[in-house]
**Student:** 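Next up is a structure, given as structure tokens.
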Amino acid sequence: MTPSPKPNMSADEVLEQVERDGVEFIRFWFTDIVGQLKSFAVGKEQLVVALSEGMGFDGSSITGFHSTEESDMIAMPDPNTYAVLPWRTDGGDDSRGSVARLFCNILVPGGEPYVGDPRRIMHTALKRMRKMGFDEFYVGPELEFFYFESDQLNEDGQPVILDKGGYFDLTTLDAASDLRRDTATALKAVGIDVEYSHHEVGPSQHEIDMRYADALQMADNAMTYRIVVKEIAHSHGVYATFMPKPLFGENGSGMHVHQSLFKKGKNAFHDGDARHHLSDTAKHFIAGLLTHANELSALFAPNVNSYKRLVPGYEAPVFSAWSQRNRSALVRVPMFQPGKDNSTRVELRCPDPSCNPYLTFAGLLHAGLEGIEREYEFPEPLDANLYELSPSELDERGIGRLPATLGEAVETMADSELVRRALGDHIFDRYVEAKRAEWQEYRVQVSRWELERYLPVL
């Protein structure tokens with residue numbers, strides 16, 4: 001597999017392309033620390049100045065950014081991220097023109113990178129990688145999602161599904177085939193390579209897979225993917241959600257993340273003479289992921305609802321082990337195919353698509369690099385179904401498990417020196433604070449399940 005070429009546009013080329021595309025407004029995109037997409041628009045007349053000096057804004061109301069007394073921020077657009085938004089294009093009879101977007105790096109007055117910018121955290125992780133002699137960190141996330149009739153619940157308190165199809169179904173049960181097709185077309189229009197799309201295991205659950213790319217570009221792509229899926233769904237009169245577990249008794253939506261390191265154009269994870277075709281680099285990287293998975297859990301499974309998905313029995317892995325065939329393990333190594341050395345990769349199966357991809361990919365990279373740098377011991381693979389092992393059998397084999405709740409995950413992260421180094425003090429402290437508050441708010445709620453179970457008998 002050969003990676004897609006990176007976009008490489010100068011500021012002048014962006015200005016020329018804006019004219020060719022009939023763009024009148026450009027949306028500047030960035031994220032807060034929890035991964036919520038933020039945006040403001042500028043007219044094309046301001047773009048010349050914006051590309052050279054950035055655009056100032058008040059960051060005091062952005063989650064995790066500075067408070068009011070230190071609120072001045074600058075959004076500096078990255079020319080390489082220019083794309084026209086296909087749902088806001090000029091169809092020929094719209095005098096308002098088309099709308100494009102640019103992802104931004106956030107700066108403080110004076111031009112220094114802002115410590116609270118999640119995109120900066122990805123830059124910092126890649127800098128560490130290059131210091132260690134690697135050139136690229138490629139990732140291929142698989143974001144699953146659900147389509148519902150709307151964001152409103154029915155009389156039973158449940159979302160209304162569009163179909164009752166199952167994995168890879170191609171029948172009248174799959175009511176969203178055309179919707180997936182239109183979404184894939186829109187993704188291609190914004191420069192995202194799509195490999196395939198299909199119905200997932202759960203009713204009304206779907207997946208459109210992006211071709212892998214370098215981690216920074218893929219973090220941008222993941223943010224774009226989420227908004228494209230939701231916008232195209234809206235245009236069809238339905239609602240798309242990346243909520244990890246919206247339906248009781250059904251599989252949740254994951255974001256399996258395929259990862260590989262490259263050095264001098266070659267896959268550093270591949271060793272044709274080694275067992276499993278895994279190099280020492282790959283083995284230590286996997287050990288790093290397994291060792292630090294619990295500390296990273298609050299990043300890649302960031303919400304209360306995430307832990308309703310991470311339970312045994314629904315294909316969402318919770319046990320700290322790796323395998324080539326066992327999908328109940330946290331890390332899977334896809335079977336090697338002769339002649340495809342560059343496809344050697346590791347797949348982390350526990351993240352979900354509600355995460356902040358910049359912080360998640362950066363955290364995963366730091367964990368893997370830590371394993372390489374400190375030469376973590378590589379465990380034996382476990383090919384048994386881990387869900388069938390008793391707690392004592394898991395303990396005997398030294399198999400841990402992910403945190404069971406957001407509260408547990410946040411407190412594990414709060415003690416992590418690795419995650420603090422990965423995120424920096426500013427984001428680390430604010431992220432922990434935000435997630436502790438979310439957990440505390442959830443803890444005091446009284447659910448419908450509790451009322452139905454306890455009220456009549458207690």
Side-chain angles (χ1 to χ4, degrees), residues 28-40 50-81 102-132 137 214-220 222-223 292 295-300 302 355-370 409-438:
F28 283 14
W29 285 4
F30 59 97
T31 73
D32 63 15
I33 65 169
V34 296
Q36 183 65 41
L37 186 65
K38 301 295 181 180
S39 174
F40 64 91
L51 285 167
S52 61
E53 301 177 9
M55 296 294 289
F57 70 97
D58 178 3
S60 61
S61 295
I62 306 296
T63 301
F65 278 29
H66 272 315
S67 55
T68 304
E69 64 272 15
E70 304 174 278
S71 61
D72 291 336
M73 303 285 164
I74 297 170
M76 179 59 71
D78 181 346
N80 290 327
T81 63
L102 288 163
F103 276 100
C104 296
N105 296 309
I106 306 304
L107 313 177
V108 295
E112 290 298 313
Y114 174 48
V115 294
D117 178 16
R119 207 165 185 262
R120 171 185 170 273
I121 302 305
M122 190 71 253
H123 280 292
T124 302
L126 294 172
K127 184 177 181 181
R128 178 188 181 188
M129 175 200 72
R130 294 184 184 108
K131 282 186 176 179
M132 291 178 61
F137 176 47
D214 77 273
L216 178 62
Q217 181 183 351
M218 184 53 79
D220 291 341
M223 293 303 304
H292 297 288
E295 302 162 53
L296 295 167
S297 186
L299 288 182
F300 61 62
C355 71
N356 184 327
Y358 301 99
L359 302 187
T360 295
F361 297 161
L364 299 183
L365 179 55
H366 277 289
L369 294 177
E370 199 82 357
V410 171
E411 296 312 317
T412 303
M413 175 177 159
D415 292 332
S416 173
E417 185 270 339
L418 173 97
V419 181
R420 180 176 285 276
R421 277 193 287 116
L423 303 186
D425 290 340
H426 179 98
I427 288 183
F428 182 88
D429 290 337
R430 284 162 172 77
Y431 192 91
V432 168
E433 179 184 13
K435 291 303 168 180
R436 278 174 171 163
E438 180 181 343

**Student:** Quick check: closest heavy atoms across I74 and P109, and the distance to 0.1 Å?
**Tutor:** CD1-CA, 3.9 Å
**Student:** Between G116 and H426, what is the shortest heavy-atom contact and its length?
**Tutor:** CA-CD2, 3.5 Å
**Student:** Should M223 and R119 count as side-chain neighbours, where that means a heavy-atom distance under 4.5 Å?
**Tutor:** no
**Student:** At what distance, to the nearest 0.5 angstrom, does CG of L418 lie from CG of L296?
**Tutor:** 6.5 Å
**Student:** Provide the closest heavy-atom pair for S416 versus E295 in the form atom of the first, atom of the second, distance.
**Tutor:** OG-OE1, 2.5 Å
**Student:** Looking at side-chain heavy atoms only, is the closest gap between F57 and I106 below 4.5 Å?
**Tutor:** yes
**Student:** Set out, in order, the CA-CA distance, both residues' side-chain angles and the distance that settles salt bridge (charged side-chain N to carboxylate O under 4.0 Å, His left out) for K435 and E438, then state yes or no.
**Tutor:** CA-CA 5 Å; K435 291 303 168 180; E438 180 181 343; 2.9 Å; yes
**Student:** If the condition is salt bridge (charged side-chain N to carboxylate O under 4.0 Å, His left out), which residues does R120 pass it with, not counting sequence neighbours?
**Tutor:** none
**Student:** Looking at H366, M413, R430, which hits side-chain contact (heavy atoms from CB on, under 4.5 Å) with L423?
**Tutor:** M413
**Student:** So does D117 get a backbone contact from the side chain of Y358, meaning a donor-acceptor N/O pair under 3.5 Å?
**Tutor:** no
**Student:** Mind listing the closest non-hydrogen atom pair of C104 and P77 along with its distance?
**Tutor:** SG-CA, 3.7 Å
**Student:** Looking at E417, I want to see if its CD is surrounded by more than 12 non-hydrogen atoms of other residues, nucleotides or ligands under 6.0 Å.
**Tutor:** yes
**Student:** Tabulate below the donor-acceptor pairs under 3.5 Å that side-chain atoms of residues 28-37 make, not counting sequence neighbours, or state none.
**Tutor:**
from: D32; atom 1: OD1; to: V34; atom 2: N; distance (Å): 3.2
from: D32; atom 1: OD1; to: G35; atom 2: N; distance (Å): 3.0
from: D32; atom 1: OD1; to: Q36; atom 2: N; distance (Å): 2.8

**Student:** Is a side-chain donor-acceptor pair under 3.5 Å present for Y114 with N105?
**Tutor:** no
**Student:** Rounded to the nearest 0.5 Å, what separation is found between the CG atom of L216 and the CE atom of M122?
**Tutor:** 7.0 Å
**Student:** Rounded to the nearest 0.5 Å, what's the gap from CD on E370 to CE on M132? Could you check?
**Tutor:** 8.5 Å
**Student:** In Å, rounded to the nearest 0.5 Å, how long is the span from CG of L365 to CE of M129?
**Tutor:** 6.5 Å
**Student:** Are V108 and D72 close enough that some pair of their side-chain heavy atoms sits under 4.5 Å apart?
**Tutor:** no
**Student:** I would like to know whether D429 and R420 meet side-chain contact (heavy atoms from CB on, under 4.5 Å); could you show each step before the answer?
**Tutor:** CA-CA 8 Å; D429 290 337; R420 180 176 285 276; 2.9 Å; yes
**Student:** How long is the gap from CG on L359 to CD1 on I427, to the nearest 0.5 Å?
**Tutor:** 5.5 Å
**Student:** Measuring from atom CE of M76 to atom CG of L102, what distance do you get when rounded to the nearest 0.5 angstrom?
**Tutor:** 11.5 Å
**Student:** Taking all heavy atoms of L107 and all of P113, pick out the closest pair and write down the distance.
**Tutor:** CD2-CA, 3.9 Å
**Student:** Do Y431 and N356 come within less than 4.5 Å of each other through their side chains, counting heavy atoms only?
**Tutor:** no
**Student:** Looking only at heavy atoms, what is the nearest atom pair of D220 and F103, with distance?
**Tutor:** O-CZ, 3.4 Å
